[in-house]
Amino acid sequence: MMSSKIGFRLKRSALCVVTAVSMACGGVAQADEWPDDNIRLVVPYSAGGTTDLLSRKVADLLQRELTTVVVENRPGAGSTVATGQLARGGRGSDHMLLMASPGHTIGASLYPNLRYDPVADFAFIRNVINIPNVMVVPGNSPYNTVAEFVEAARAKQLSFSSPGIGSSVHMSGELFKNLTQTQLIHVPFRGSGEALPALLAGDVDVAFENMPTVYPHIQSGKLKALAVTTPQESEFLPDVPSMQQAGAGYGLENYETSAWFGLIAHKSFPEAGLEKLESALAKIMSGEDFQNFLPQFGAVAGEEVGDDFRTMVDNEVAKWSEVAEQANLKR
């Protein structure tokens, strides 16, 4: 009788082990099957802008590798509305991505009481592209170099325009102002559609605009490019120095800004999904279709993946928080 009970217990234990292993293996198999639903790529801005156009291109290329990718536009409060919704997670967040940009870090710098942490609450997949900003002056401006402009700005009050408070263009100007110890007056407009004509007309003295916005006007001579804001020169403006080169001796040796665009997800995003996305993105970004798309924005492919991307974003938050503090922009 005793041996039959022991035999029963052994059989039951063996069954439990088999069941546990089966469940574990089933869990692995299920994770490896990601995606098992459509991927939703959220754009935190309106349709038609750079973030939207890039997101739709990435969605088109990604779905050739993975599954259907649906693009959703959720504009509001400088990207913080959509980002806050993603941070809350919940249903469907294991298939939801967001195309983050400088608004992700600048928004966190301007609004310190946001209900999410711009770094801790997210998984960072890959920085997709970087677009330089360009320091431009009207074509008939008396200033032909960064040094000449800084000297003038230290002697008299000059102005810079932006498409809105908190934009990367605005913050690039504030950073320039702080580092050069000048008192540039910020003139904000409601978008580049209003800011650009004012610059072309000479109503403001300088702007630190995204390259796609000003490139045609640089080519036509209506604007003069004094520097690009990335550490290296741009292949699209080969005769224009970097700000670090042109501003050496004027406090700009470490000046660096760009409009970056990268994919993030909720911090609970499945590991199998992150791995598959990183692999798929590496493939499409090295492909001819994506490479031919970059010149449309004067962009270069991003390099930061995973933890390196997270570190980049963390550093951006710290930089813009300091700029916002100095410019009295925190809200």
Side-chain angles (χ1 to χ4, degrees), residues 44-45 50-51 75-88 98-128 130-133 135 160-188 207-210 229-231 243-244 247 250-267 302-304 306-331:
Y45 298 101
T50 299
T51 314
S79 86
T80 60
V81 170
T83 308
Q85 290 173 344
L86 177 65
R88 290 192 288 273
L98 185 139
M99 186 64 79
S101 66
H104 183 81
T105 52
I106 292 172
S109 304
L110 297 180
Y111 306 100
N113 295 321
L114 288 175
R115 295 184 179 180
Y116 62 84
D117 186 294
V119 178
D121 289 339
F122 301 95
F124 292 83
I125 302 165
R126 180 163 189 143
N127 184 23
V128 180
N130 291 316
I131 302 175
N133 287 352
M135 181 181 179
F160 75 100
S161 61
S162 83
I165 294 174
S167 64
S168 68
V169 174
H170 170 213
M171 299 302 277
S172 294
E174 293 290 353
L175 180 60
F176 180 92
K177 175 180 171 180
N178 293 344
L179 293 177
T180 57
Q181 298 181 0
T182 52
Q183 296 301 315
L184 294 174
I185 299 174
H186 175 223
V187 183
F208 301 82
E209 265 287 2
N210 297 147
T229 63
T230 44
M243 189 75 80
Q244 293 183 6
Y250 290 91
L252 297 165
E253 291 80 2
N254 296 313
Y255 185 99
E256 178 182 354
T257 70
S258 68
W260 57 268
F261 300 83
L263 290 175
I264 65 174
H266 188 263
K267 62 183 178 182
E303 298 179 352
E304 297 82 5
D307 288 341
D308 289 340
F309 185 22
R310 175 188 296 274
T311 299
M312 185 198 91
V313 171
D314 198 17
N315 291 338
E316 286 274 301
V317 171
K319 176 173 73 177
W320 295 129
S321 291
E322 183 177 351
V323 172
E325 186 75 40
Q326 292 173 337
N328 196 30
L329 295 172
K330 287 185 178 289
R331 302 175 183 182

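Only a predicted model underlies this, so the values are computations on that prediction, with no experimental measurement involved. Atoms considered below: every heavy atom in the structure, side chains included; atoms not considered: hydrogens, waters and symmetry mates. In this chain, residues are counted from 1 in sequence order.
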For the atom pair CZ (R310) and CD (E304), what is the distance rounded to the nearest 0.5 Å?
14.0 Å
Over all atoms of both residues, closest heavy-atom pair of L114 and A108
CD1-CA, 3.8 Å
Can you tell me how far CG of L86 sits from OG of S79, rounded to the nearest 0.5 angstrom?
11.0 Å
Can you confirm whether more than 12 heavy atoms, excluding those of E322, are under 6.0 Å from its CD atom?
no
So T257 and M171, do their side chains get closer than 4.5 Å, heavy atoms only?
no
Does atom CD (E253) have a neighbourhood of more than 12 heavy atoms from anything else shown, all under 6.0 Å?
yes
If you take all heavy atoms of A120 and D117, which pair is closest and at what distance?
N-OD1, 2.8 Å
Could you tell me if the side chain of E256 sits less than 4.5 Å from the side chain of T229, heavy atoms only?
no
On a heavy-atom basis, which atom in D121 and which in A87 lie closest, and how many Å separate them?
CB-CB, 4.4 Å
Quick one: are W260 and E316 in side-chain contact, heavy atoms under 4.5 Å?
yes
What are the two closest non-hydrogen atoms of A259 and N210, and how far apart are they?
CB-ND2, 3.9 Å
Is there side-chain contact between S321 and K330, with heavy atoms separated by less than 4.5 Å?
yes
Evaluate F176 against M243 for side-chain contact (heavy atoms from CB on, under 4.5 Å), listing each step before the verdict.
CA-CA 10 Å; F176 180 92; M243 189 75 80; 4.0 Å; yes
Measure from the side-chain N and O atoms of Y255 to the backbone N and O of S172, and report whether any donor-acceptor pair falls under 3.5 Å.
yes
Any chance you could measure N127, atom CG, to S258, atom OG, to the nearest 0.5 Å?
7.5 Å
Got F122 and T83 here, is their nearest side-chain heavy-atom distance under 4.5 Å?
yes
For residues V169 and S161, report the shortest heavy-atom separation together with the two atoms involved.
CG1-O, 4.0 Å
Heavy-atom pair of closest approach, residues I125 and I264
CD1-C, 4.2 Å
Rounded distance (nearest 0.5 Å) linking atom CG of N254 with atom CG of L175
10.0 Å
In Å, rounded to the nearest 0.5 Å, how long is the span from CE of M135 to CD of E209?
13.5 Å
Heavy-atom distance under 4.5 Å between the side chains of F208 and S162, does that happen here?
no
Can you list the steps and then say if L252 with Q244 is a side-chain contact (heavy atoms from CB on, under 4.5 Å)?
CA-CA 5 Å; L252 297 165; Q244 293 183 6; over 6 Å; no
Between H104 and P118, is there a donor-acceptor pair closer than 3.5 Å when you use the side chain of the first and the backbone of the second?
yes
L110 side chain near W320 side chain, heavy-atom distance below 4.5 Å:
no
Would you confirm whether the ring centroid of H186 sits within less than 6.0 angstrom of the ring centroid of F160?
yes
Atom pair CD (E325) and CG (N178), whose distance is rounded to the nearest 0.5 Å:
11.0 Å
Flag side-chain contact, heavy atom, 4.5 Å: V323 against S109
no
Hey, mind stepping through Y45 and T50 against side-chain contact (heavy atoms from CB on, under 4.5 Å) and telling me if it holds?
CA-CA 9 Å; Y45 298 101; T50 299; over 6 Å; no
